Visitor: 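Following this message is one structure expressed as structure tokens.
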Amino acid sequence: MTDASHDRLLIIDFGSQVTQLIARRLRELNVYCEIHPFQNVTDAFLADFAPKAVIFSGGPSSVVHENSPRPPASVFNLGVPILGICYGQQVMMQMLGGTVEGGKISGGGGTAEFGRAFVEPTAEHIALLDGWFQSDNDREQVWMSHGDHVSKLAPGFQVFGTSPNAPYAIIADPDRRFYAVQFHPEVHHTPRGGKLYENFVKIAGFTGDWTMGAYREQAIAEIREKVGDRKVICGLSGGVDSSVAAVLIHEAIGDQLTCVFVDHGLLRLGEAEEVVAMFRDNYNIPLIHADEAELFLGELDGQSDPETKRKIIGRLFIDVFQKYALEIEGADFLAQGTLYPDVIESVSFSGGPSVTIKSHHNVGGLPEKMGLKLVEPLRELFKDEVRALGRELGLPQSFIGRHPFPGPGLAIRCPGEITREKLDILRLADAVYIDQIRRHGLYDEIWQAFVAILPVRAVGVMGDGRTYDYACALRAVTSVDGMTADYYPFGHDFLGETATRIINEVPGINRVTYDITSKPPGTIEWE
Ligand code: XMP
């Protein structure tokens, strides 16, 4: 759904771990940008994309090595501003006539630099640095992470910022509007890095026309054009992405959309009722509530291997969805809440297949099997933008701000065999825990919080009697994208109060533990 009516910035990806953060910084400035791996950026691509500015990302390669990644030389003839970051700086220098020296990692004699550094301005000032050096002693903290470094500038370039180990920390050819920095302005450890991006897009003439209001209008027009008078089915999970997609599509095509909500009996307390009330009653969206708990729990009976459980749920989910979808006459399209991070084709230097840690549950393969075309109106958005779009569409904040919930639901929070008894205990314990978190005003600080019921029973004493009940683990993590996570540092008072409440209010649990494993080495879910 690329739209040429917005000014567009092109990020050429050379494989940095943090390229997505560049895009996020730009989107925060209401600038529309796309990330494309360097291999795909050809002369023809550049002509077609017509960027108003270009950013070269960092990357793990060394320009001193033959066949290291390069952008096409024609990028320098577009007449648009270019910003090179780290590897992007080195590639810019190498291609424009400067010199790059290899660090130890790439076999050279130079020193590598990883971590915090402080950049100071040189005598002259450029627009890129407007309002940047603000701290008392006129220096700014930045994050360095490079092996190689520039040792001679290309003709036309000058130095505008230095650090003790990086004489070419900020360089530019202001006439051609080519800028390059050795550090990473997109990461958190460059606290005022956002200002550099703000100045860069200002230099390029961006007007900040990428707003959610504009996106909503454009997306609605495109859905109408694509779907015409045909029907669309949408699998609702109760999560933010599929909900926002459904409300947006409903706004575009009304009753031509039918939602299918597969209730596998592994949802949280009151969740199915909430989803049905919200979509059917509040939004008046035609909704099929497929209550298939018996089927799922029946097939899961006696299964304790995590991958087997996931595979059973994944298979049944597709079967059930297909069964209900086939009942909707004339459905040609399947709506999915695919997000931009799922779409970005990232640069892979390893070449080999990565190890499957967990087989994620999705409806992959279903569109081909059923001959359906896809409608994916969130394909260009990051998660926080989906939330902004949800707010724009009037979805309640309580819904938009919800923690992510996995497709296999409580099954992966119930290690070992799943029984109805354990699920009921888990639902209640989870509800008490989340209530505690909300009461303490911590919900929005946490990426995800839940209870896992453990496959062990423990001996306890309540009143004068002996108990022999389940132990549970509380989990709460902070994260940006779920790929890495830290456990949330609750105070002891909170933990003590929560444990007491769970043991008092949830029959079947007599022991509460707090899981303090980060990811890696753990994962967020227990299975
Ligand atoms: P892990 O446990 O792999 O989880 O650290 C990372 C994030 O992904 C969610 N998750 C899933 N989401 N289908 C989903 O839609 C799945 O099969 C699935 N497994 C894990 C998990 O809740 C966390 O947010």
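If you read the sequence from its start, that first residue is 1, and numbering goes on from there. Numbering of ligands and ligand atoms starts at 1, following listing order. All figures in this text were calculated on a predicted structure; none of them were measured in a lab.
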Visitor: Is NZ or CZ of Arg24 both nearer than 6.0 Å to the six-membered ring centre of Phe382 and within 45° of the ring axis?
Guide: yes

Visitor: Suppose I only count heavy atoms of Lys519 and a 4.0 Å limit; which atoms of ligand 1 are within that range?
Guide: 1 (P), 3 (O), 5 (O), 6 (C)

Visitor: Would you call Asp255-Lys231 a salt bridge at under 4.0 Å N-O?
Guide: no

Visitor: Is Asp493 atom CG crowded by more than 12 heavy atoms from other residues, nucleotides or ligands, each under 6.0 Å away?
Guide: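 No, the 6.0 Å shell around CG holds no more than 12 heavy atoms from other groups.
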
Visitor: Heavy-atom contacts with Pro408 under 4.0 Å: which atoms of ligand 1 show up? List them by number with element.
Guide: 13 (N), 16 (C), 17 (O)

Visitor: Who's closest to atom 9 (C) of ligand 1 heavy-atom-wise, of Pro404, Gly239, Pro406?
Guide: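 Answer by nearest heavy atom: Pro406.
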
Visitor: Can you name the atoms of ligand 1, numbered from 1 with element, that are less than 4.0 Å from a heavy atom of Gly482?
Guide: 6 (C)

Visitor: With heavy atoms of Thr523 as the reference, note each atom of ligand 1 found under 4.0 Å away.
Guide: 1 (P), 2 (O), 5 (O)

Visitor: Under 6.0 Å between the ring centres of Trp143 and His184?
Guide: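 No, too far apart.
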
Visitor: Should we count OH of Tyr487 as having more than 12 external heavy atoms under 6.0 Å?
Guide: no

Visitor: Work out whether the distance between some heavy atom of His403 and some atom of ligand 1 is less than 4.0 Å.
Guide: no

Visitor: Parallel, tilted or perpendicular: which describes the rings of Phe490 and Tyr514, with under 30° parallel and over 60° perpendicular?
Guide: tilted

Visitor: State whether the shortest distance between N or O atoms of Gln448 and N or O atoms of ligand 1 falls below 3.5 angstrom.
Guide: yes

Visitor: Flag Ile412 as yes when one of its N or O atoms lies below 3.5 Å from any N or O atom of ligand 1, and as no otherwise.
Guide: no

Visitor: Looking only at N/O atoms, are Glu527 and ligand 1 under 3.5 Å apart anywhere?
Guide: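 Among all N and O atoms of Glu527, none is under 3.5 Å from an N or O of ligand 1.
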
Visitor: Check Ile524, Leu410, Ile412 against Phe450 for a side-chain contact (heavy atoms from CB on, under 4.5 Å) and give me the one that passes.
Guide: Ile524

